[in-house]
Novice: 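Questions regarding the structure given below will be posed in turn.
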Amino acid sequence: MKSEKILQGLNDRQKQAVTAPLGPVLVLAGAGSGKTKVLTHRIAYLISEGLFSAQNILALTFTNKAAKEMQNRVQSLFPNMGMPTMGTFHSVCARILRQEIQALGYTKGFVIIDDDDQGKILKEICIQRNLGAKFPPNLFKNYISMAKNALQTPDQMDLPIDKTVMNMVREVYAEYQNYLFKQNSLDFDDLLMLLVKIFQAFPDVLSKYQNIFKYILVDEYQDTNHAQYMLLFLLAIGSEENVGLRNLFVVGDDAQAIYGFRGSNLRNILNFEEHFSDALVIKLEQNYRSTKNILSVAQEVIQINKE
Ligand SMILES: Nc1ncnc2c1ncn2[C@@H]1O[C@H](COP(=O)(O)OP(=O)(O)OP(=O)(O)O)[C@@H](O)[C@H]1O
Ligand SMILES: [Mg+2]
């Protein structure tokens, strides 16, 4: 497909983002301004310009629905091409772990447990420890999840909570993690935490994936937690042994961060600008969704007038 076709109908800022030079790019905009459109057209542009082949592109998002939407949009731009790796952080991590997890002593056939299983295991641990009703298992589940998303092992755990409670959580977390390991099982948060661990501890594994994923894109970047940020950081910027290519293209809604709806997100966007001080920052300003809504309201008014 010709690149002109990929750029057709985009506004100037969108075109600037789609045709941006390599290196870090941060696209910031509000809802309905074409962020996902820019991201999918960027993928098409990179491939059609021959800058990267599809198998060297990784595009990440947060929900299965958003991942499907991204896949559909790229597919409709490129019906007959090999598809890049596109999916949620969790699904892509799970795929990589199926190849690499033995580095941590698990085996490749590991089981991914769901919320329910997690609740049952924690409840059992609480019963055995006589923690009873005073500490509902859900409380442990949430704190353990917070620790894992902050990449903290039981020993490193440091949450802004009461020290006595934290010590209790630490012990439950250690026992829970030990149990999962013995069962060759991972919870959702492990998918991210354990992959980061592997990338940090095994430079050859990191280097292998840096060579596969030479261009990384993230939609809804404002939603990244610390573990996800580290994963992107390691793949794109790298570590001392493994210098990355710095090809990271992220799009995010800064309004959500600025107004503090999600505390940690502003930090991620700032982190991005700090670690990628050479990042090209592009702001999309036109909101297409409200134009659409206004148009459809106008249409209805016209309809009513006709009647
Ligand atoms: N340049 C454009 N011309 C016409 N329509 C556009 C343009 N850019 C975006 N749109 C349309 O606006 C709508 C919103 O686009 P898109 O989903 O890419 O925005 P978004 O910023 O990702 O939204 P959200 O914040 O919900 O994730 C889509 O229907 C899209 O086709
Ligand atoms: Mg979007």
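One-based numbering, in listed order, for ligands and for the atoms of each. Since we're looking at a predicted model, the values are computed, not measured. Residues take their numbers from the sequence shown, with the count starting at 1.
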Novice: With rounding to the nearest 0.5 angstrom, report the CD to OG distance, Gln71 to Ser76.
Specialist: 12.0 Å
Novice: State whether the shortest distance between N or O atoms of Leu10 and N or O atoms of ligand 1 falls below 3.5 angstrom.
Specialist: no
Novice: Of the side chain and backbone of Glu69, name the one, both, or neither that has a heavy atom under 4.0 Å from an atom of ligand 1.
Specialist: neither
Novice: Tell me if the centroids of the rings in Phe62 and Phe89 come within less than 6.0 Å of each other.
Specialist: yes
Novice: Using a 4.0 Å cut-off to any heavy atom of Ala31, which atoms of ligand 1 qualify?
Specialist: 25 (O)
Novice: Counting only heavy atoms, which portion of Gln286 has something under 4.0 Å from ligand 1: side chain, backbone, both, or neither?
Specialist: neither
Novice: Can you check salt bridge (Lys or Arg N to Asp or Glu O under 4.0 Å) on Lys120 and Glu124, steps first, answer last?
Specialist: CA-CA 6 Å; Lys120 280 182 203 146; Glu124 193 54 41; over 6 Å; no
Novice: Would Asn11 and Glu285 count as having a side-chain donor-acceptor pair, cut-off 3.5 Å?
Specialist: no
Novice: Taking distance alone, with N or O pairs closer than 3.5 Å, would you say Gly9 contacts ligand 1?
Specialist: yes
Novice: Going by the atom numbers of ligand 1, which of them fall below 4.0 Å from some non-hydrogen atom of Glu220?
Specialist: 27 (O)
Novice: Should Leu159 and Val169 count as side-chain neighbours, where that means a heavy-atom distance under 4.5 Å?
Specialist: no
Novice: For ligand 1, is Gln8 a contact, meaning one of its heavy atoms is under 4.0 Å away?
Specialist: no
Novice: Measure across Arg98 and Lys108 and return the closest heavy-atom pair with its distance rounded to 0.1 Å.
Specialist: NH1-O, 2.9 Å
